[in-house]
2 protein chains.
Amino acid sequence: MAALEDQLIKINKQLLSKGYKLTSQREATVRILLEYEQDHLSAEEVFMLVRELHPDIGLATVYRTLELLAELHIVEKMNFGDGVARFDLRSDENAHMHHHLICTVCGRLKEIKEDWLGELEQRLAREYGFLVTDHRLEFTGTYASCQREGCKRASKAVS
Amino acid sequence: MAALEDQLIKINKQLLSKGYKLTSQREATVRILLEYEQDHLSAEEVFMLVRELHPDIGLATVYRTLELLAELHIVEKMNFGDGVARFDLRSDENAHMHHHLICTVCGRLKEIKEDWLGELEQRLAREYGFLVTDHRLEFTGTYASCQREGCKRASKAVS
DNA sequence: GTAGGTGCAAACAATTTGCATTCGG
DNA sequence: CCGAATGCAAATTGTTTGCACCTAC
């Protein structure tokens with residue numbers, strides 16, 4: 001809910017508190033991640049965008065920063081089957097209720113922010129003695145609308 | 001439920017019915033996948049194992065076979081964040097009820113075969129107009145037993 | 001017979017790493 | 001100041017592809 005700048009400050013504090021230095025590159029990267037929170041950017045995409053903000057940044061730095069942020073659980077490193085890692089900001093609200101719908105026809109990727117798994121997690125604790133700290137839920141399928149129209153655009157999932 | 005050989009025959013039929021030839025390499029690969037159904041082998045691991053059965057097979061063939069099997073939905077191509085694709089046999093029973101628990105302490109990976117998402121999928125169809133053909137559910141966390149003992153073995157997830 | 005399958009090696013793409021230089025605290 | 005962070009390029013790693021040969025049907 002916090003404004004962009006507030007979130008940025010908060011993340012920066014997290015970095016500092018862990019003993020990491022606050023460089024302009026890191027700030028620029030976080031800024032992009034915040035700005036594009038809805039998208040699931042790949043490292044390369046982040047790189048291209050950060051570059052507009054900080055032209056002399058190197059790709060390796062972006063990789064290093066993203067890895068660092070993932071370590072601190074500020075972003076989540078994800079994989080959607082295409083060979084690239086994608087990164088997702090984990091703001092407090094969507095930390096534990098953040099699922100994905102992937103359409104095999106139009107390739108659209110939608111986020112669902114409802115807490116569907118709380119009950120299941122309790123059950124895991126009870127029945128399996130497993131304490132969940134994180135989860136990932138993805139549904140693959142098609143939208144009724146996509147199926148109706150024969151809209152076979154660039155479908156990459158099904159060859 | 002079927003015995004290994006029966007499953008093999010069935011898969012072979014699936015291949016044939018789609019017009020794909022049944023070569024000894026493919027059979028060997030499927031055989032390994034059946035034998036190691038519980039593990040989530042990477043392509044390289046499959047390669048090493050198939051090699052024992054069929055020493056002159058090439059890595060590329062294994063990749064091609066795995067991709068083919070994934071296309072036919074005989075195996076599922078998965079990603080657990082480490083940079084390698086892993087492959088999971090989808091026998092009929094576990095096609096739609098096949099989830100994972102990943103322990104960050106001991107690194108264990110457990111499969112849960114219960115259908116927990118049927119209800120959610122109906123809801124997706126109703127509320128989002130999205131028809132699910134597949135899903136993936138992973139829980140990351142720790143076993144109570146792992147937490148109790150300070151058993152910090154090779155934990156790779158948390159650095 | 002022939003189209004599809006294979007093995008090998010080369011090509012690729014994403015990510016990592018070594019190292020000299022720079023910079024934040 | 002000093003160690004951590006960066007940029008660059010080279011190295012690695014996982015996966016794909018081109019092509020001549022081979023094999024199942």
Side-chain angles (χ1 to χ4, degrees), chain A residues 9 11-30 32 40-51 53-72 74-75 77-87 156-157 159, chain B residues 8-9 11-30 32 40-51 53-72 74-75 77-87 156 159:
Chain A
I9 290 169
I11 291 175
N12 283 347
K13 274 187 188 161
Q14 282 183 68
L15 279 173
L16 284 174
S17 74
K18 299 277 181 175
Y20 293 108
K21 292 185 178 165
L22 180 50
T23 64
S24 58
Q25 291 89 329
R26 284 180 183 166
E27 182 174 324
T29 305
V30 170
I32 289 300
H40 300 76
L41 301 174
S42 68
E44 211 100 21
E45 286 165 347
V46 173
F47 173 57
M48 307 241 279
L49 290 165
V50 177
R51 224 182 200 176
L53 220 59
H54 197 298
D56 50 346
I57 196 172
L59 177 55
T61 300
V62 172
Y63 271 104
R64 281 188 279 233
T65 302
L66 289 172
E67 193 173 350
L68 176 63
L69 294 175
E71 233 168 71
L72 300 186
I74 293 170
V75 303
K77 192 176 182 178
M78 318 201 63
N79 257 296
F80 297 110
D82 57 344
V84 292
R86 298 188 170 277
F87 297 85
K156 34 191 163 180
S159 62
Chain B
L8 184 66
I9 290 169
I11 292 175
N12 283 348
K13 274 185 189 164
Q14 282 184 68
L15 279 173
L16 284 173
S17 74
K18 299 274 182 176
Y20 293 109
K21 290 183 183 170
L22 178 52
T23 64
S24 58
Q25 290 89 330
R26 285 181 182 165
E27 182 174 324
T29 305
V30 170
I32 289 298
H40 301 76
L41 302 172
S42 68
E44 212 101 19
E45 286 166 345
V46 172
F47 174 55
M48 307 243 278
L49 290 165
V50 176
R51 226 181 198 175
L53 220 60
H54 197 299
D56 50 345
I57 197 172
L59 177 57
T61 301
V62 171
Y63 271 103
R64 281 188 279 232
T65 301
L66 288 172
E67 192 174 349
L68 175 63
L69 292 175
E71 230 169 72
L72 299 187
I74 293 171
V75 303
K77 192 176 183 178
M78 317 201 63
N79 257 295
F80 296 108
D82 56 344
V84 292
R86 298 188 170 277
F87 297 84
K156 35 190 164 179
S159 60

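Keep in mind that this is a model prediction, so the values were computed, not measured. What you see below is based on every heavy atom in this structure, not just the backbone, and it leaves out hydrogens, waters and symmetry mates.
Between A:Y63 atom OH and D:dT6 atom C1' there is a gap of 17 Å when expressed in whole angstrom units. Atom-to-atom, CG of B:L66 to P of C:dT6 comes out at 12 Å; the value is rounded to the nearest Å. The interatomic distance linking B:K18 (NZ) with D:dA24 (P) rounds to 24 Å, in whole Å. Straight-line distance from the CD atom of A:E71 to the C1' atom of D:dA5: 14 Å, rounded to whole Å. When the P atom of D:dT15 is taken as reference, atom CG of A:D82 falls 13 Å away, rounded to whole Å. Distance, B:E27 CD to D:dA24 P: 11 Å, rounded to whole Å. Taking atom CG of A:L68 as the reference point, atom P of C:dT17 lies 15 Å away to the nearest angstrom. Rounding to whole angstrom units, CD of residue B:Q25 and P of D:dC22 are separated by 14 Å.
Inter-residue side-chain proximity for A:T23 and A:E27 is flagged as unmet; no heavy-atom pair is nearer than 4.5 Å. Within the 4.5 Å cutoff, side-chain heavy atoms of B:F87 are placed close to those of B:V75. Using a 4.5 Å heavy-atom cutoff, the side chains of A:R26 and A:Y20 are in contact.
Note on B:R64: a base of the nucleic acid sits closer than 4.0 angstrom, heavy atoms only.
Judged purely by atom type and a 3.5 angstrom limit, A:T29 uses its side chain to pair as donor or acceptor with the backbone of A:Q25. Side-chain atoms of B:R86 do not come within 3.5 Å of backbone N or O of B:M78 as any donor-acceptor pair.
In this structure, of C:dG5, D:dT15, D:dG7, it is D:dG7 that holds the atom nearest to the side chain of A:T61. For B:I57, whose side chain is taken as the heavy atoms from C-beta onward, the closest listed nucleotide among C:dG5, C:dG7, D:dA5 is C:dG7. Among the nucleotides C:dG5, D:dC25, D:dT15, the one closest to any side-chain atom of B:R26 is C:dG5. Side-chain atoms of A:T23 lie closest to D:dA5 of the nucleotides D:dT15, C:dG25, D:dA5. Side-chain proximity of B:A85 to the nucleotides C:dT15, D:dT15, C:dT16 is greatest for D:dT15.
Position along DNA chain D of the nearest nucleotide to B:K21 versus A:D56 favours A:D56 as the more 5'-ward residue.
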